[in-house]
Amino acid sequence: MKTVQISLNSIDKVKSFVNDITKFECDFDLVSGRYVIDAKSIMGIFSLDLSKPIDLNIHSEDSATDVMEALKPYMI
């Protein structure tokens, strides 16, 4: 598992983020405080406080470089 910090501070960013990560088979979790949300769930993401950076847990061993490349626009 790998953890990175991301920022999703606009509706357009959330939509493009979900579109980008749904292309991958591995699981993604967003962690904000005590809440853990499936990162592929757009409704779940909007339930978080998006004004602060969010931790993204990537549950993948093999395609980590492709995933990291896709996440570059969102990483802090």
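Everything quoted here is computed from the prediction, not taken from an experiment.
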In chain order, what residues pass the side-chain contact (heavy atoms from CB on, under 4.5 Å) check against [X], with sequence neighbours excluded?
X   : result
Y35 : L48
P53 : Q5, I76
I11 : K15, F46

Please report the interatomic distance [atom1]([X]) to [atom2]([Y]), rounded to the nearest 0.5 Å.
X   : Y   : atom1 : atom2 : result
I58 : F24 : CD1   : CZ    : 9.0 Å
L30 : S47 : CG    : OG    : 9.5 Å
F28 : I6  : CZ    : CD1   : 10.0 Å
I21 : S16 : CD1   : OG    : 10.5 Å
K2  : N57 : NZ    : CG    : 11.0 Å

* Mind checking whether M1 and V4 sit in one hydrophobic cluster, side chains of I, L, V, M, F, W, Y counted as touching below 4.5 Å? ->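 No, separate clusters.
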* To do: Linking directly or through intermediates, with side-chain heavy atoms under 4.5 Å: list the remaining ILVMFWY members grouped with V31, chain and number order.
  =>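 Other cluster members: V36.
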* To do: May I ask you to test the S7-I54 pair for a side-chain heavy-atom distance under 4.5 Å?
  =>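 SC-SC contact between S7 and I54 ruled out.
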* To do: Taking the side chain as every heavy atom from C-beta outward, state whether V67 and C26 have any pair of such atoms under 4.5 Å apart.
  =>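 In contact.
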* **Closest non-hydrogen atom pair, A39 against V18** =>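 The answer is O-CG2, 4.0 Å.
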* To do: Evaluate the criterion side chain to side chain contact (heavy atoms under 4.5 Å, CB included) for residue pair L50 and N9; output intermediate values, then yes/no.
  => CA-CA 6 Å; L50 299 177; N9 52 8; 5.8 Å; no
* Pairs meeting criterion side chain to side chain donor-acceptor pair (under 3.5 Å) with involvement of residues 20-31, two or more places apart ->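 Listed by first then second residue: D20-Y74, D29-H59.
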* Asked: Quick one: do the D55 and T3 side chains pair a donor with an acceptor below 3.5 Å?
  ->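 Result is no, nothing qualifies.
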* Asked: Taking only residues at least two apart or on different chains, which pairs with a member in residues 34-49 satisfy salt bridge (charged side-chain N to carboxylate O under 4.0 Å, His left out)?
  ->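 Listed by first then second residue: D49-K52.
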